[in-house]
Amino acid sequence: MLSKSYDPKSCEDRIYKMWEDAGAFKPEACDPKGEPFTISMPPPNATGQLHLGHAVMLALEDIFIRFNRMRGKRALWVPGTDHAAIATESVVIKLLKKDGMADPRKQLGREKLVARIAEFVEKSKKTIRSQIRKMGSSCDWSRERYTFEPSLNRCVNEVFCKMKNDGLIYRGHRIVNWDPKLQTTVSDDEIVYQERRDPYYTFQYGPFQISTARPETKFGDKYVVMHPDDKRYAKYKHGSTFECEWINGKVRATVIKDPASDPTFGTGVMTITPWHDHVDFALAERHGLEKEQIIDFNGCLLPVAGEFAGMHIEDARPKVVEKLKEKGLLVSVKEDYVHNVAVSQRGHGMIEPQIKLQWFIDVNKEVVPWNEGKRAKGQKAKKQLMSLKQIMHSVIHHGDIQIIPERFNKTYFHWIDNLRDWCISRQIWWGHRIPVFYCPKCAAGNEDPTSDERSAMSGGGLKAQSSKLKAGTIVSVEPIDSCPECNGPLEQDPDTLDTWFSSAMWTWSTLVDPKLTGDASLSLEEILKRSPDYQMFHPTSVMETGYDILFFWVARMILMTTYATGQIPFETVYLHGLIRTRDGRKMSKSDPETMIDPLDMIAKYGADALRLSMIVGQSPGNDSRLYEEKIAGYRNFINKIWNASRFVLMQCEQAGVDPKKMENGKWKIDNLSIADQALLCGIDRLIVDVTKGLEEYRLSDTGDRLYSFVWDFYCDWYLELSKGEANCAVLVHGLRKILQLLHPYCPYVTEELWAQVAAEGSPSLIIAPWPKAGKTPKEFVQAFDQLQVVIDVITSIRSLRAEQNVEAGKKVTVTIHSKKYAKLLESQRSHIERMGHIGTLVIDAKPAKHEKVASAFLKDVEVHLSLEGLFDIGKLKASLQKEQVEMSRYVAGLKGKLGNKSFVDRAPKEVVAAEKAKLAEAEAKLKKVEERMKEIA
RNA sequence: GGGCGGCUAGCUCAGUGGUUAGAGCGUUCGGUUCACAUCCGAAAGGUCGUAGGUUCAAAUCCUAUGCCGCCCACCA
């Protein structure tokens, strides 16, 4: 016999092991004829701990996978972890510093530091793996992958080379976001803006006044820019020069007319610093202006700053102002000027734009063959050469990929419209090394002598930072150490790739056969062709992830996968929202008060309860709040399922039947009570709703449907009605279906109970077939409606008792009049008596007068509760009056509606008929209430 | 500056044109009913942010607007 309450701790790990040992997570356990259903698990960073973001992701994906597995699809969920380049390197460096190492990069050197990080990552992976298991995730561990494993490295190198050959990857001097703290470039998406208040200075610059919050960048400024139509400055001609006194003496400045200058902002005149500003850079490009580096990569001023050289910019700022003031060039200072500064999302350091020789992906070059609109209905595919940007746009626009919720399409398109070339090189050590080698001696392999052509070399060119471009550039999938041409030693590019470069290949690089990637003679195309998993499982079915990484990851997977494989990476994108605290704040590690640790919650309430609490009541793309009472609520529900099963098993035991020997029912209607038939009808309807709901990704809705069916119908009514006259076959049948339908949501408790009630020889629930609704017999549907009448009668009796303060245990006398339902109610007499605590129950078809009773007037049924000894005329009058007022208002409303000619003429017939029926019913009830009022008056 | 989302019961949220708008938690009242107090029964509680409009009919569609939040761009 089951224990009195469900104890998750005693089953979860055992059941998980059972599933895993049985190979149930592998698609090989499914019907080999089933169609594939694939999810690539977004790989958690191989640092630290599982958090609620992971937990919600795992819960959602596990539901998708389990549902489809049970439906007979070949379900594959590929787990893995991410090497998370910058994040991991900075975590480990921080740890080493904490242990007393002042400068780990310097002290350890590249090789040793990378080894240390790898060691840390291995440990961390173990933690993450066990935590993913704790959630009940049914992913195929035999296919676990890691973004930094050799096989994926091969894919990275292959794609890099392919892109380089197609001219989509180029190396050039361009303005990038430099993080002086982490000493690396970061992409546009890795920057956040912070609001700051700083003084805002206006200086005299020759005949003009210019303003800035950053005077320390102004040393090299020698262009003044104004709008071509600005009448105030009409006398200054574009290209004219003048000499003026500036920070370190006289400079010669040139007038530039450009619409980038906003005449309504400040004086309408600005000077520019092309080396350290994206907008100024673009402007300088347009006019072929000189660019000069002012600040070095540590944030200190270069020799151009004269006496300030070597000084950190923060220190230099007030001193520069002081000097200009002494020279009488400071016009005014505005304190507390509000502006935004760019900060590195990862390292939190101030971003300094710099011109630097880096590797980029060209998103605008139209060289990629793509069948546009190949999946769109009624459209002919046309193969054409497109840019990466265009393909990214096309697959969403033409519906090759569907985003849920749809509104994110707009966000996605907007991002693409503003997309610039993607800087992919990083100056950190942890990550995929850029597969480029240089021969310092010869020009071998330098297949692209114009590689720097598109960079910022027009006009005056670079000054302070010379690019040490090697003579020959060789791109290779395999590490090589000597030049194929001159046999001389080669140097590898020291940089690593942006971590998203490799994650962008996640859906397919995890499906290629590692044995093949070890064979250097095979092309990428060949590898894909010969990898059975890739052939079977790609494109994946659903990509489920947080909306916050739509750009970082989802968009880049689309870019990389369509390019590398010619396939979309996934058919559907399901975006979940952020989990927040009860008061809507972001949970943060720095504030442990607000943090909910999923593992603590699992220990306390069980994984099933945690899963439900994160799924039901949330809608895709919207943030949600989580707090312990919510989880406790679903723990109660899980326990309810447990106890319902316990009841069913006890009934079977009492009846001397073994639930495991029970066949799934072919029902003889004669043997079924109204409640039995109603339940069978309810179960059929439930199966239809749940199946449809899960197919349509409406997880919250569907979870709620299951919750209320189990609690409010199966437990509160069906189980109660079966007390004293249990039909074990129907009880067990109903329970089995409920367990099957609930399994995707709460796999542990359902699997544990399944072992008690499933037919002998059935497979584990995880691979049991999904229930199908047959054609529900008419009688069952009718019984469903009849049961509702019985439920209404019992409820009205309970309600009358409570209203009239009848003692809870007291047996009362009740008279029911109903012409229509007398026979039905008579057949349910024992239930009505028991559940209404009735001593004497009279059921009669004819209405009669009653004294000293409280009455309820239902549709076609009158219920009178006798109040001998309790009769309180005042209370009765009050409640009748209240009812009379309510009903009159209701009737008046309906009459008004039906009296409106345009309603009757224009509304659909069914609606009008329904309103008429409502009115008739309401009027009948009102009449009875009024009669009753007269009687007791 | 551009875009998106939210505003529904004390709290957290469902509900995309047609019953008198729902749930969970909380509240009130009553319960040792032999599955479950992680429970059972009953109840109170909302003019669906505001103002217009479309419609026979609006929480739901349109327009404007207020407040809260998010994303993108970024002003020299």
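It should be emphasised that the depicted structure is a prediction, and the values quoted were computed from it without experimental measurement. Proteins come first, then strands; the chains are lettered A, B, ... in the order of their sequence lines, and each starts at number 1. Values reported hereafter were calculated over all heavy atoms of this structure, with side chains retained and with hydrogens, waters and symmetry mates removed.
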Will you find, in the side chains of W415(A) and D189(A), an N or O donor that is under 3.5 Å from an N or O acceptor? yes
Expressed in angstrom and rounded to an integer, what is the separation of R705(A) atom CZ from C13(B) atom P? 25 Å
Assign each of Y6(A) and M270(A) the nucleotide of RNA chain B bearing its closest heavy atom; nearer the 5' end lies the nucleotide of Y6(A)
Is there a donor-acceptor contact under 3.5 Å linking the side chains of Y547(A) and D623(A)? yes
Anything below 3.5 Å on both distances counts as a pair; with that, list the stems of at least three consecutive Watson-Crick or G-U pairs involving RNA chain B. B:1-7 with B:66-72, B:10-13 with B:22-25, B:27-31 with B:39-43, B:49-53 with B:61-65
Could you state the NZ-P distance from K859(A) to U20(B), rounded to the nearest angstrom? 15 Å
Would you say the base of U38(B) and the side-chain of R635(A) have a donor-acceptor pair closer than 3.5 Å? yes
Looking at S700(A), I'd like to know whether one of its side-chain N or O atoms comes within less than 4.0 Å of OP1 or OP2 on C13(B). no
Starting at CD1 of I403(A) and ending at C1' of C4(B), how long is that distance when rounded to a whole Å? 14 Å
Hey, is the main chain of R635(A) close enough, under 3.5 Å, to the side chain of N639(A) for a donor-acceptor pair? no
Within the distance-only criterion (no hydrogens, no angle test), does the side chain of Y605(A) pair as donor or acceptor with the backbone N or O of G633(A) below 3.5 angstrom? no
Length of the line joining N622(A):CG and U16(B):C1', which is rounded to integer Å: 14 Å
Which part of the nucleic acid does E910(A) contact within heavy-atom distance under 4.0 Å: base, sugar-phosphate only, or nothing? nothing
Would you call K723(A) and F647(A) a side-chain contact if the rule is heavy atoms closer than 4.5 Å? yes
Quick one: E915(A) CD to U20(B) C1', roughly how many Å, whole number? 11 Å
Would you tell me if any nitrogen or oxygen in the side chain of W711(A) comes within less than 4.0 Å of OP1 or OP2 on U38(B)? no
Under the 3.5 Å rule, do the base of C72(B) and the side chain of N418(A) count as making a donor-acceptor pair? no
Between the base of A42(B) and the side chain of Q804(A), is one N or O donor paired with an acceptor at under 3.5 angstrom? no
As a test of reading the structure: which of U20(B), C13(B), C36(B) is closest to the side chain of K640(A), going by heavy atoms? C36(B)
G24(B) C1' sits how many Å from L626(A) CG, rounded? 14 Å
If I pick the P atom on C13(B) and the same atom on U8(B), what distance separates them, to the nearest angstrom? 10 Å
Within the 4.0 Å heavy-atom criterion, would you say H837(A) contacts the bases, only the backbone, or no part of the nucleic acid? base
Checking all strands, does K901(A) fall into the base, sugar-phosphate, or nothing category for heavy-atom contacts under 4.0 angstrom? nothing
Between K291(A) and E285(A), does at least one N-O distance fall below 4.0 Å, as a salt bridge requires? yes
Side-chain N or O of R625(A) less than 4.0 angstrom from OP1 or OP2 on C13(B)? yes
Out of A42(B), A35(B), C4(B), whichever nucleotide has its closest atom nearest the side chain of T795(A): A42(B)
Between E915(A) and K918(A) (salt bridge meaning N to carboxylate O under 4.0 Å), is one present in this structure? yes
How long is the line joining NZ of K918(A) and C1' of U19(B), in whole Å? 4 Å
I'd like the P distance from A9(B) over to G41(B), given in whole Å. 26 Å
If the threshold is 4.0 Å, N to carboxylate O, is there a salt bridge linking E352(A) and R214(A)? yes
Between Y193(A) and D583(A), name the one whose nearest nucleotide on RNA chain B is closer to the 5' end. D583(A)
Indicate, with a heavy-atom threshold strictly under 4.0 Å, whether V648(A) touches base, sugar-phosphate, or nothing. nothing
Could you tell me the separation between the CG atom of D701(A) and the C1' atom of G22(B), rounded to a whole number of Å? 12 Å
For A14(B), does OP1 or OP2 lie under 4.0 Å from any side-chain N or O of S619(A)? yes
